[in-house]
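Below, each value reflects all heavy atoms present in this structure, side chains not excepted, and no hydrogens, waters or symmetry copies. Residue numbers start from 1 in every chain, and the chains themselves are labelled A, B, ... in the order their sequence lines are given, proteins ahead of strands.
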Amino acid sequence: MDLAFTPEERAFRDEVRAFIADNYPAELRGKQDEGEELGKEDMLSWHRILYRKGWVAPAWPTEYGGPGWSATQRYIFSEELARADTIPVLPFGINMVGPVIYTFGTPAQKERFLPRILSGDDWWCQGYSEPGAGSDLASLRTRAERVGDHYVVNGQKTWTTLAQHADWGFFLVRTDPAAKPQEGISFLLIDMTSPGVTVRPIITLGGEHEVNEVWLENVKVPVENRIFEENKGWTCAKFLLAHERTGIAGVARSKRGIERLKGIARAELDDTGQPLLANPFFRRKVAELECDLTALEFTELRTLAGEASGKGPGPESSLLKVKGTEIQQRITELVLEAVGQYGAPYFRAFPEGSNESPIGPAHAHRAAPTYFNMRKTSIYGGSNEIQRNIIAKMVLGL
Amino acid sequence: MDLAFTPEERAFRDEVRAFIADNYPAELRGKQDEGEELGKEDMLSWHRILYRKGWVAPAWPTEYGGPGWSATQRYIFSEELARADTIPVLPFGINMVGPVIYTFGTPAQKERFLPRILSGDDWWCQGYSEPGAGSDLASLRTRAERVGDHYVVNGQKTWTTLAQHADWGFFLVRTDPAAKPQEGISFLLIDMTSPGVTVRPIITLGGEHEVNEVWLENVKVPVENRIFEENKGWTCAKFLLAHERTGIAGVARSKRGIERLKGIARAELDDTGQPLLANPFFRRKVAELECDLTALEFTELRTLAGEASGKGPGPESSLLKVKGTEIQQRITELVLEAVGQYGAPYFRAFPEGSNESPIGPAHAHRAAPTYFNMRKTSIYGGSNEIQRNIIAKMVLGL
Amino acid sequence: MDFSFTETQGMLRDSLARYLRERYDFDSRQKMLAMPGGRDPAIWKAFAEELGILGAGFPEEHGGLGGGHVDHMVIMEELGRAIAIEPYLDTCIVGGGALLAAGGDHAATLIPGIIAGDVIIAFAWAEPKSRYNPARIETRATADGAGWTLSGHKSVVIAAPYATHVLVTARTGGASGERDGVSLFLVEAGTAGITRRDYPTVDGWMASELFFERANVGPHALLGAEGQAMGLVDELLDRATAATCAEAAGTMRRLHELTLDYAKQRQQFGQPISKFQVIQHRLVDMLMEAEQAVSMAYQATLRLDLRAAERARAVSQAKAKIAKGARFLGQSAIQIHGGIGITNELAAGHYFKRLTMLESRYGDQDHHLARLEAMMMAEAA
Amino acid sequence: MDFSFTETQGMLRDSLARYLRERYDFDSRQKMLAMPGGRDPAIWKAFAEELGILGAGFPEEHGGLGGGHVDHMVIMEELGRAIAIEPYLDTCIVGGGALLAAGGDHAATLIPGIIAGDVIIAFAWAEPKSRYNPARIETRATADGAGWTLSGHKSVVIAAPYATHVLVTARTGGASGERDGVSLFLVEAGTAGITRRDYPTVDGWMASELFFERANVGPHALLGAEGQAMGLVDELLDRATAATCAEAAGTMRRLHELTLDYAKQRQQFGQPISKFQVIQHRLVDMLMEAEQAVSMAYQATLRLDLRAAERARAVSQAKAKIAKGARFLGQSAIQIHGGIGITNELAAGHYFKRLTMLESRYGDQDHHLARLEAMMMAEAA
């Protein structure tokens, strides 16, 4: 057992760190920290820089454009990204549909879609959830009927993140209504410009337009856009869910979040006028949170090393998801506590393009919306209750 | 709405307070505080003093020997007992079987048993729980077969508190094995000196002998010792359970417990050498606990006034039980934290009658055993999980 | 001891509850938020004229109904149930309380206006560096020949955009943090030298930053003795806190009901999610917090007229407990609602946002626990 | 980064685990507790002679196996699984660590004795008023012609009733609470002037109050430089704390297993209680605490050789987290067991008692959080 990096690993870390320092766009600095909403071009700019360096898809096999890194290198890379507070590369192409395509797709599908995922030329969204389905994913009702060389798709999807920008979406649809819930499902790639596709915004508690409803009305989808066999889409879905959950602990981001929290608590004053971070009770909350994060970090490291209960990305990633989201939410709770009364003003309501400054300190104006918004993390990707059910069943045998 | 007592109520409080001050046995003072185990005569002495005053059974109707007090007087009385840290009057006769007998018993049964319950001449124990039954009371298996004017009882009871001292026990037994779980049960009074009754101690985590197993082997019980109708014992059991739960909040005792905790925290030193009660973090735990207790107190007062959700002693007493036991347990947790290393020595292991003093300060040596022992409060009387089930069903309609 | 409400209080609750059910449902409230100015002023007028509740807490000699703290509690609980954005606390409880304490011309003139719905008072006690300590203020008031001149910055003044008057704390002496030297002023909103920056809050209210730039507020603006206002300010804040507790209790009860209803109809895995035991127990734990919040609101309210230390203890215990319970209940409600709870489309999310703000209004859990601890140590000494 | 165990460590774990399964089951342990002296000394001898594990952490030149902190961790985790009452931590980790740090004759003489199972060392660092602060001690050591004379009272010295030697902290200067002036002595248990009051602990160990009454411990008892021992004492306590974390992790894992097994067979309302979702989720939460405890034990152990501040931070984070998790897991285990969990009849209750003591051994959650906060403020300054 040894926690130290090898000299090669240290050199790699330095290389990554230097690249970020030299190449991360100046106009994006700080936006992530403050919980600002990002525009489409903001999100794509860093993606394209990483793409040109060959680093945009750390986990992809080299034959499809991955950098061929070890698990430790990937760990270092994600630590460094978080350390520098870069905006995240969107997961829908790189982490979600990409691996499904290179794992289950035909050579033609790979050739057609993978390069444009890497380059960022195609923006992807995920059509999984349906109104009323929630964590019960397999209960989906969107229908796809085969008509010649097309499917005709009808139904409604919801919680579709950033679909307002999307060129393509990957959808779970029911192709055999008579089969059991998890059977009779197929995995389709749908051109979002197809006639019959309508995207409608859902405004969340903080006022953000991040998620959408997607309505599908007699949408024609060529059969060649189906991944894997008809009625076997659940295989792709399960693969993707397991894949999605790796990195969900968010350790590096939460480290950064705690540093930011400490900075805020140094600037804010308590009731006696001393910095809030010197207030014993506030400080204690931070100290406890740091303990929780260290425990999560080492549990993730043990999981990566295959050392924790179970092997490979599977049920133990549920633990990382539960604890990771609890910590992420706790950070936003403490930021909101820290900013006190200036958590109340709602800056978002100002007209766009207004050059008015926020009310109160700059670190305060996104505190409440971010806190509200982060409640989603214990709901999406399988609610934390579902994660506990999974652990009970898969790890404890209950 | 008014929190103040009337002049009559204040006079009553003063009378009670003076009576306790003048009559509570000197040799019992402090024993309750320190969590000492009490002998049979200890427990009976205070009972008999209250009996002679006519105050031993505050809730009984006057025709059976109760003092005829209002709800507020009973509240004041229990507050004053706790304030003076008196040992509790044992509930098995006064609060449990007594009300069952005067509610469901025949005139002959009332005449035979009630006076000796009041006087303390008969010591009662409760034969409800069975091995393996736990919170699932209705699953009981102890059989009573009718043979002429007797029942012949066979079976085993457990968690029978202080049965080692008991003259009489009240037992739930199955008289119709073919009926559904809650039917076919009868309520029997059994002379504990009957042939075939065996009491065996169960030693609990702190080393106490408080509970017992009771074995019943061909025990002959006259039919006249059955309360209410044959196979209708569940009616008595339900009545008794609801009755048992009143006062279960234990507000007055917990107030006293917190005062004692503060006293200990004034005497103990923290890592820097200041009194533990001056340590911000320890103090905060006490302050939070006091908030919890005030909330419980006013919820109980609202319940007594019929103001809380539901009316009469029913499901809302489950709330009082859950929160009351959480607070009782929390007090013992904080006492154990407060005494630090001197929670470890196990004084009970010294030979009885030894005049060796405890290790460490006097307030420390029962801290761990009391903490261990109090874990029972969230288990007995229907576990706190069962209480939540009851609220879900009865209050929320789930 | 008596926990029953008077007949008047019962009628007050019934008529307000009925009005809010009919006129202040979720959709109506959403429409109000979208109006110019972020509210519907007709509601406040209706409170005065249709319901006649604005005088509930004023003595009959001022034209009020002669009620007291319990009447305020009843009203606040109902307003909390509806997450109403009406300035009853600010105007009737705090503003009215200050006027009654000051007496004289001010009271005689303004209280009838409050009862009629014409006078709305905002309470400007906080400043950018005050956090929850009302004595940590730097706004200055100086006496000159023409009365008092105020300079300073008051933050997050709820209801200020539409208030007719503002109750302002300012220093006539002493340094930030000192209790001596704080004075209380009642000023007219339109006074020259007062500028506002108005904004909505995350929970749908309207508030302002108030900037006093050598604002001359006249000779009669001072309420009470110069430099000696902290006793009254503490009392007003304790009343405001108790009222906030009652409001939060109403909000919690309603959010619990909304969540229970949702859980009963929401299907997952072939059954309503209310059939899952962990959801059931969570709903039970939420109920327990809501009921304890109600108990604590009673407790604080019934002790508002005790001496200052007992009053403060009762109020801070209530707020500390409710702040914690409100967070638990609100987060649980969203979790049980799932994705839809995080949108602006259902009432639940708006109740959650309001509860989140109520957690820290007039001091968060830490603030009130610290206040209790200071008293604990003073008693031990 | 590497999280794998060496082959030696794997064998160490397997052989110790097998031995404890066979010879240290619950009934055997209960019998040991009932023996005169409260333990079975043959077990310790077997650790030395059958298993050969007592030298795991000593360098080969002293006759040890040349292992390090990770080997200690492996052993402590297994001892924790068995809630073994064997003084490995006291003798091999703390006592051995002190001897290796001191070097010289002491080490050369005593380490082979430790490895052979003949030397048992108790660590007397706490005093009646010290709480968890090792510098808050009043025991005095004065030099005279014949060596060092100790006077004072050491509390709750685990393993002292049967130890051959005691490692004692005492002041050769300074006042209680000061770091300067603390010295470390290794004294023979039978020295004249040392009296013991022996007793069992609530979790089945044997301990003593040690009274030094002008006990002359000879000229060679001092380890290291006079008055400068606090650096070493801190390091020894950090190692002891990390080892306690590993022990607690083992105890937590085992208690979780026991509870899971019990829940699967225990019937209530016609089904195993493990079918109830609230029980399932509680068991999951317990598992998460157990796994995080293991992670934290790794983390602390792997950082024991970093500089003092980083070592202290790692250890205190681990202990603070585990203290909280241990309480939750222990209480949950008893709750799920129900009545039987509160008796001395099942292993679960004894694991709970041990875990409760481990919570505060070498400092409770508050102690370690305070240590972390002091470091946080030092960094910020």
Side-chain angles (χ1 to χ4, degrees), chain B residues 129 131-136 138-139 158-159 181 202-207 211 268-273 276 279-282 285 329 333 336-337 339-350 356 358-361 367-369 371-376 378-380 383-386 388-389, chain D residues 38 126-136 155-156 158 176-177 197 199-205 207-209 266-270 273 276 278-279 282 327 330-331 334-345 349-350 352-353 356-357 359-361 363-367 369-371:
Chain B
S129 295
S135 290
D136 185 6
S139 71
T158 191
W159 314 126
I202 299 174
I203 305 301
T204 45
L205 289 181
V211 289
E268 293 282 345
L269 306 181
D270 77 358
D271 282 351
T272 69
L276 197 56
N279 176 287
F281 303 106
F282 198 85
K285 295 180 200 187
Q329 291 180 334
E333 253 178 57
L336 182 57
E337 279 185 31
V339 302
Q341 58 181 335
Y342 279 120
Y346 184 46
F347 183 58
R348 280 285 310 244
F350 288 100
E356 277 200 272
I359 309 296
Y371 167 71
F372 298 147
N373 191 35
M374 285 302 280
R375 301 312 306 168
K376 73 184 176 193
S378 52
I379 294 169
Y380 69 21
S383 73
N384 285 10
E385 287 79 13
I386 296 289
R388 286 185 169 86
N389 286 349
Chain D
E127 297 190 3
K129 292 183 187 167
S130 67
R131 200 165 179 90
Y132 305 117
N133 180 350
R136 283 190 43 80
S155 3
V156 196
I158 300 290
S176 176
R197 186 169 168 201
Y199 49 84
T201 63
V202 292
D203 52 344
W205 285 66
S208 310
E209 299 299 285
R266 166 73 167 157
Q267 302 276 326
Q268 288 269 270
F269 303 102
I273 61 170
F276 292 102
V278 290
I279 302 287
R282 187 86 85 107
R327 184 180 294 178
Q331 293 182 347
I334 298 306
Q335 186 69 20
I336 291 174
H337 274 84
I340 194 77
I342 298 174
T343 72
N344 272 338
E345 293 174 15
H350 299 264
F352 169 60
K353 290 198 275 190
T356 302
M357 291 297 110
E359 264 184 49
S360 59
R361 185 82 74 232
D364 59 11
Q365 192 197 13
D366 276 352
H367 169 83
L369 287 174
R371 214 169 158 227

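Among residues two or more places apart in sequence or in another chain, the ring pair (Phe, Tyr, Trp, His ring centres under 6.0 Å) test is passed with B:F281 by A:F281. Looking at residues two or more places apart in sequence or on another chain, you find a salt bridge (charged side-chain N to carboxylate O under 4.0 Å, His left out) between B:K376 and B:E210.
With a 4.5 angstrom heavy-atom cutoff, D:E209 touches chain B only via side-chain atoms. Only the side chain of D:T356 comes within less than 4.5 Å of a heavy atom in chain B; its backbone stays farther off. Looking at D:R371, neither its backbone nor its side chain comes within 4.5 Å of chain B, counting heavy atoms on both sides. Contact annotation for D:D203: neither backbone nor side-chain heavy atoms come within less than 4.5 Å of a heavy atom of chain B. Neither the backbone nor the side chain of B:T158 comes within contact range of chain D, judged by heavy atoms closer than 4.5 Å. Heavy atoms closer than 4.5 Å to chain B are found nowhere in D:S176, neither backbone nor side chain.
When the candidates B:V211, B:I379, B:L205 are compared by the number of heavy-atom contacts under 4.5 Å with chain D, B:L205 comes out ahead.
Within the 3.5 Å criterion, the main-chain N or O of B:I203 finds no donor-acceptor partner in the side chain of D:E345.
Side-chain contact annotation: B:E385 with D:Q335, donor-acceptor N/O pair under 3.5 Å present. Checked by atom type, the side-chain pair D:Q331/B:Q329 shows no donor-acceptor distance below 3.5 Å.
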Q.
For a side-chain contact (heavy atoms from CB on, under 4.5 Å) check, start with the C-alpha distance between B:K285 and D:D366, then their side-chain angles and the critical distance, and finish with the verdict.
A. CA-CA 11 Å; B:K285 295 180 200 187; D:D366 276 352; 2.9 Å; yes
